[in-house]
Amino acid sequence: MAKVEQTAKDETGFEPKIVAFLCKWCSSAGSDLAGVSRLQYPSNAVPITIMCSGSMSPMFVLSAFNKGADGVLVSGCHPGDCHYLKGNFYARRKIYLVQKLLQFIGLENDRFRMSWVSAAEGAKFAQVMHDFVADIKKIGPQTRLKAKRP
Amino acid sequence: MTKRTGVFVCHCGNNIAATVDVVRVAEELGREEGVVYSKDYVYMCSDPGQSTMAKAIKENKLDGVVVSCCSPTLHEKTFRDVTEEGGGLNSFRCEIANIREQCAWVHSDKPKATEKALKITKAAVKRVQHNQSLTPIGVPVTRKVLVIGGGIAGIQASLDLANAGFEVILVEKNPTVGGHMIQLSETFPTLDCSQCILSPKMVEISKHKNIKLLTQAEVKEISGFVGNFKAKIHQKAVYVDPETCKICDDCAKVCPTVVSNEYDVGLTSRRAIFIPFAQAIPATYTLDESACLGLNPVVCGKCAEVCEAGAINYDMRPKVITEDIGAIIVATGFDLYGKENLGEYGMGKYSDVLDGLQFERLCSASGPTGGHVLRPSDHKEPKNVVFIQCAGSRDPETHCAYCSKICCMYTAKHATLYKHHVPDGQAYVFYIDIRSGGKGYEEFVQRSMERDEVMYLRGRVSKVYEKSGKMIVLGVDTISGKNVEIEADMVVLALAMQPSQGTADAAKTLKIGRDKDGFLAEAHPKLRPVESVTGGIFLAGAAQAPKDIPETVCQASAAASKVIQLLSKDELMHSPTVAKVRLSHCTGCEMCVQACPYGAIDLGAPSNKARVNDVLCEGCGTCQAVCLRAAIDVKNVAQVQIHDMINACLGV
Amino acid sequence: MIDVAQLKAHAKGLLEKGTVRTVFGYRKSTAGLLAEPAGITEAAQADDLIFDPSCVQNLALYLVNDKKHQAEKRSDDKRPVAVVAKGCDSRAITVLLQENHFPRESVHVIGVSCEGTGVVDASKLARKLGNKKALAVAFDGADAFAVTTNEGTQSIAAAEVMAERCLECRSAHPTLSDVVFGEAKAERGLHTPFQAVKAKIKESEGDRWAYWSRQFDRCLRCYACRSVCPMCYCDECVVDSINFVIAPDTTAEEKAERIKWIERSPAKSESAMYHMVRAIHLAGRCIDCAECERVCPVNIPLRLLNTRLEMEAFETFQYSPGSDPELPTLTSSFRDTDPNSFIR
């Protein structure tokens with residue numbers, strides 16, 4: 001039954017809109033490596049390069065959902081590898097809280113994701129993209145926090 | 001917000017144009033608010049491309065520029081230079097939209113890729129429209145260099161820098177400089193004696209007026225930034241005054257404590273008070289606190305009693321030395337792969353299974369056997385010696401995945417040296433394949449096979465065990481396809497090179513990255529191989545990757561020349577994309593002060609609001625994410641820019 | 001049992017000597033059961049002060065407001081102000097000190113014990129009394145309130161009419177004070193802390209959204225929650241595009257760079273944004289005085305929303321807001337051992 005629904009959803013041609021916040025030094029560089037390696041992944045996520053995952057304000061996440069994002073990804077350097085020494089540790093704590101809050105008000109779990117992708121992990125970046133897009137396709141469009149605009 | 005943005009969309013030949021409809025991107029961007037010029041071009045980074053851009057900026061009086069092309073890591077600088085030098089517009093008014101690595105190269109559906117390229121470019125337009133003109137911040141530099149590690153890399157870098165007129169502080173954690181190279185007997189492929197070529201350089205280090213050598217010292221803390229670091233160095237108490245020590249050996253003769261000698265890799269022993277070897281620099285005895293019977297209170301005191309020069313002083317205390325420095329070279333070297341990991345070869349179990357460095361000591365005229373190759377177990381001359389290459393290297397399942405690079409050569413050297421010492425003996429080498437790239441290297445290996453009749457067996461050894469005084473080596477010769485069993489008198493393992501503990505410690509202290517194997521990470525594997533990602537910190541030697549002596553010397557001199565280049569200017573330029581406080585909104589809650597990884601923010605008098613030190617600020621934006629009041633923003637990556645970019649990405 | 005006469009005498013003494021500029025305390029309201037906040041400046045007014053289970057408000061808010069008023073008046077009276085603070089209120093003051101909102105010496109904290117019983121929830125009490133109307137409420141031993149109605153005084157089990165937050169209170173006694181009246185009663189422990197949040201978490205995602213969506217839909221965006229919250233002391237709220245502050249040093253560029261994170265209209269999505277931003281901004285700062293929920297004209301369960309992250313702060317990061325003014329705040333600190341497994 002679940003499988004049937006799945007196919008039905010896919011046939012609607014739903015293409016999720018995703019904003020991917022990538023830190024400049026690891027994850028953005030990792031996405032560059034994915035590019036150089038010509039690893040193919042779905043084009044749904046539009047990257048925004050930020051200096052550090054530590055600069056990821058919760059406002060960005062909430063705003064993206066408000067503006068109609070079906071998914072939001074934050075990706076930074078692995079713990080201990082932050083170009084700015086510890087920005088990603090601050091990010092981890094903050095993003096954790098944001099995620100808990102979003103879950104609490106009932107936004108679907110899979111819509112907001114954080115990953116660690118290093119500059120060397122082009123393949124991982126592509127995989128993260130594949131997984132995220134696939135997971136969001138399963139849940140369908142985000143309507144809960146999306147603003148209704150004229 | 002600026003009003004006259006120009007957009008330049010690059011085809012990158014077919015690299016972008018094959019997957020992204022660049023003409024459509026340029027057309028649609030031309031209709032964006034505030035965009036007055038939008039054009040596609042086959043190669044933006046080419047000379048004609050750059051001139052087109054410069055001309056368009058001038059003719060259209062552009063106040064913001066977006067180049068939609070490859071990753072900013074490649075050509076951001078190129079296009080910012082064109083903007084400023086060719087277009088007469090501040091370089092910070094130029095932003096890159098990465099539609100190659102992050103779009104064209106990773107997608108194949110042209111309409112979808114074009115949609116994404118449009119969003120990426122529109123977001124960049126939104127961003128650039130809020131950009132401010134900025135000028136780099138000039139920072140005075142300290143023309144002094146810290147070199148960490150006194151092996152051949154550190155020695156070479158220090159001498160190059162000192163000879164160029166820079167002050168150098170060379171920090172070595174052992175009692176002498178020389179590193180692993182000074183332990184070697186001869187060096188490949190010329191077989192010149194390692195001590196003979198290194199000792200003069202060590203002496204030069206000790207005599208050079210521009211070099212301050214700190215042995216038994218470790219860098220404990222680094223603060224500051226490129227051109228203006230502050231180092232905190234801890235130096236152990238050595239208890240012997242190097243100036244008065246006459247190196248007479250009287251103290252060691254009476255010392256009752258015997259410990260294993262590191263210099264001979266445990267093949268000999270030394271006293272608690274000792275000199276590592278005769279040519280050690282600094283030329284002085286030193287008291288090993290950890291081996292001494294006791295200093296506080298003094299338990300034995302015999303060495304001080306016999307020292308006629310009165311050089312021994314038990315009241316010496318560790319020192320903390322702080323130095324202002326402008327640049328750092330990390331040359332912390334390698335260790336051999338832990339022998340405990342190689343139980344199958346009997347390492348650490350049988351005394352006649354040696355590692356390469358131990359074998360070097362056996363061959364060395366200054367070594368434990370006076371230059372005779374003798375078995376450690378019974379001091380007999382070994383007649384059959386098996387050398388095993390790739391012991392720990394090239395074995396991703398259980399050991400190190402990488403090739404340690406120097407083992408093929410030094411094994412050939414060991415086998416050759418052995419034949420020189422024991423002409424009637426037989427040397428066997430188990431190898432996976434021979435990697436002998438390098439000047440004179442291949443000829444050297446061939447010579448060892450032909451002239452010295454070293455038996456090369458292609459295959460792995462499965463087990464080494466002892467049977468009636470012999471080491472039985474079980475292996476396979478994959479060329480003949482037969483199992484081989486050799487009754488050896490001695491087995492020498494070419495252990496993998498791994499980053500030293502000092503390398504791990506330095507990476508932590510200096511906050512520089514390491515690769516997956518723990519070697520120090522260079523800023524770019526091809527184009528910036530001697531720089532770390534952190535400005536002002538450079539890499540040399542085997543701490544960065546396994547390498548032999550000539551390569552190490554090359555890299556050390558390269559790092560030195562990079563430092564000279566850095567410190568030859570009176571002022572360094574610091575990026576102006578730093579945090580800025582909106583005083584009207586700051587309440588002085590101190591959250592940014594607490595979170596700043598660089599300690600660049602404090603509360604300033606009189607209003608006790610946040611104040612950014614532009615030179616310490618690296619522009620990471622951690623402050624902006626913790627501020628509840630949006631009272632702090634990084635210039636040109638402000639929250640308003642991210643806000644507008646989010647909208648552009650979502651097509652709102 | 002707390003002796004209100006002592007409290008009055010102390011306040012009177014402070015004002016007589018002139019050591020404080022104002023004493024913020026509670027007095028009997030003319031508009032209902034609950035006490036009303038009073039800022040008194042004359043020694044004689046000290047006789048009006050009361051302290052009983054009807055004193056629900058968090059007076060830390062008045063310290064914040066007083067600071068604003070003093071700045072507006074350009075007053076040069078640098079004397080401290082005194083404030084009557086229950087356990088929860090004292091934690092709010094601690095958070096304000098932690099954020100350097102005012103210096104410690106500018107506030108004289110008169111700690112009061114809310115005994116074993118906390119404060120009342122007026123609506124619970126009204127429900128309990130049915131047709132009767134409560135006129136006054138007093139502490140009555142460790143687990144009861146003495147409620148006076150038009151039909152006389154009766155004792156009611158405190159747990160039945162106590163404010164929800166008091167049922168879950170983890171530190172009822174003032175953590176910060178210059179003087180304390182009443183017995184120290186640290187733990188009340190009637191309910192497990194965060195029990196309401198935990199119950200809500202157990203519900204399905206869809207049910208939770210149905211619930212919150214209903215709540216956010218009702219929000220009028222009157223901002224009463226923000227006005228009553230001592231932590232919402234910003235002059236300009238990041239999610240409110242109508243209260244931009246134009247200061248003398250506001251540059252044209254700053255005016256241009258104002259961000260309109262959400263729309264003004266009280267649509268469900270925008271109200272959800274507003275409440276979530278407020279919850280995020282209160283993470284590690286909310287001390288659970290529940291004033292936002294109490295003042296909400298449409299009864300949005302804001303306490304439930306805001307304590308969600310307080311639970312996380314306490315259980316995951318071992319961080320208790322308002323426990324120590326010297327600590328770095330929750331979000332401007334981290335530990336190596338913070339949760340990592342949620343990251344891919």
Side-chain angles (χ1 to χ4, degrees), chain B residues 1-3 34 126-127 129-134 508 580-597 599 601-605 607-610 621-647 650 652, chain C residues 64 67-68 71 95-103 226 229 231-241 243-263 269 273 277-286 325-334 336:
Chain B
M1 214 158 125
T2 59
K3 303 262 187 286
K126 290 291 174 203
R127 181 175 173 192
Q129 288 177 339
H130 288 285
N131 269 11
Q132 312 170 27
S133 295
L134 300 171
K508 203 157 201 178
K580 188 180 169 223
V581 180
R582 282 159 79 194
L583 288 174
S584 56
H585 289 65
C586 178
T587 62
C589 74
E590 240 178 332
M591 288 191 195
C592 56
V593 178
Q594 289 154 4
C596 178
I601 312 176
D602 64 354
L603 294 187
S607 51
N608 274 324
K609 292 183 175 183
T622 302
C623 51
Q624 108 186 355
V626 296
C627 184
L628 303 177
R629 291 161 255 285
I632 194 163
D633 251 328
V634 177
K635 290 176 188 169
N636 289 2
V637 238
Q639 293 180 65
V640 67
Q641 292 175 290
I642 307 283
H643 170 266
D644 288 2
M645 288 172 86
I646 294 172
N647 286 355
L650 293 167
V652 230
Chain C
V64 171
K67 185 183 164 180
K68 282 185 189 160
V95 174
L96 291 168
L97 290 174
Q98 190 179 12
E99 295 177 9
N100 302 325
H101 194 62
F102 39 69
R226 190 173 76 190
C229 179
M231 300 313 152
C232 279
Y233 58 73
C234 304
D235 289 332
E236 174 182 315
C237 182
V238 287
V239 289
D240 182 1
S241 51
N243 76 341
F244 284 163
V245 174
I246 309 290
D249 54 355
T250 309
T251 61
E253 174 201 321
E254 279 174 349
K255 286 181 197 162
E257 309 283 88
R258 289 282 153 78
I259 312 169
K260 201 173 171 188
W261 286 113
I262 57 172
E263 299 294 327
S269 65
M273 271 286 282
V277 171
R278 191 160 168 276
I280 287 279
H281 281 188
L282 284 175
R285 303 170 71 232
C286 174
E326 300 307 318
L327 277 183
T329 63
L330 177 71
T331 50
S332 63
S333 57
F334 66 85
D336 289 349

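In what follows, chains carry the letters A, B, and so on, assigned in the order in which the sequence lines appear, proteins first and then strands, with residues in each chain numbered from 1. Hydrogens, waters and symmetry mates play no part in the numbers below; they use all other heavy atoms, side chains included.
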message: If you count heavy-atom pairs within less than 4.5 Å of chain C, which of B/Asp644, B/Val593, B/Val640 leads?
response: B/Val640

- line: Output for pair (B/Cys589 SG, C/Gln98 CD), nearest 0.5 Å, gives 9.5 Å

- request: Check whether B/His585 gets within reach of chain C through its side chain, its backbone, both or neither, counting any heavy atom under 4.5 Å.
  value: side chain

query: Would a 4.5 Å heavy-atom cut-off, applied to side chains only, mark B/Leu603 and C/Asn100 as touching?
result: yes

- prompt: Which atoms of C/Tyr233 come close to chain B, meaning under 4.5 Å heavy atom to heavy atom: side chain ones, backbone ones, both, or neither?
  reply: side chain

query: Rounded to the nearest 0.5 Å, how far does OG1 of C/Thr331 lie from CE of B/Met591?
result: 5.0 Å

query: Does any non-hydrogen side-chain atom of C/Arg285 lie less than 4.5 Å from one of B/Leu628?
result: yes

task: Using non-hydrogen atoms and a 4.5 Å limit, figure out which bit of C/His101 sits close to chain B: side chain, backbone, both or neither.
output: neither

- prompt: Side chain, backbone, both or neither: which part of C/Leu282 has a heavy atom under 4.5 Å from chain B?
  reply: neither

field: B/Arg582 side chain near C/Glu236 side chain, heavy-atom distance below 4.5 Å
entry: yes

- request: Sort C/Thr329 into side chain, backbone, both or neither according to what part of it lies under 4.5 angstrom from a heavy atom of chain B.
  value: both

- line: To the nearest 0.5 Å, atom CD1 of C/Ile259 lies from atom CD1 of B/Ile642 at 9.5 Å

message: What's the separation between atom CD in B/Gln639 and atom CH2 in C/Trp261, rounded to the nearest 0.5 Å?
response: 6.0 Å

- prompt: Any side-chain heavy atom of B/Thr587 within less than 4.5 Å of one from C/Glu99?
  reply: no

query: Is atom NZ of C/Lys68 surrounded by more than 12 heavy atoms (other residues, nucleotides or ligands) closer than 6.0 Å?
result: yes

field: Heavy-atom contact with chain C under 4.5 Å, split by part of B/Lys580
entry: side chain

field: Contacting region of B/Gln641 [heavy-atom separation from chain C under 4.5 Å]
entry: neither

task: Select, from B/Ala595, B/Ala631, B/Ala638, B/Cys623, the one with the greatest count of heavy-atom pairs under 4.5 Å involving chain C.
output: B/Ala595

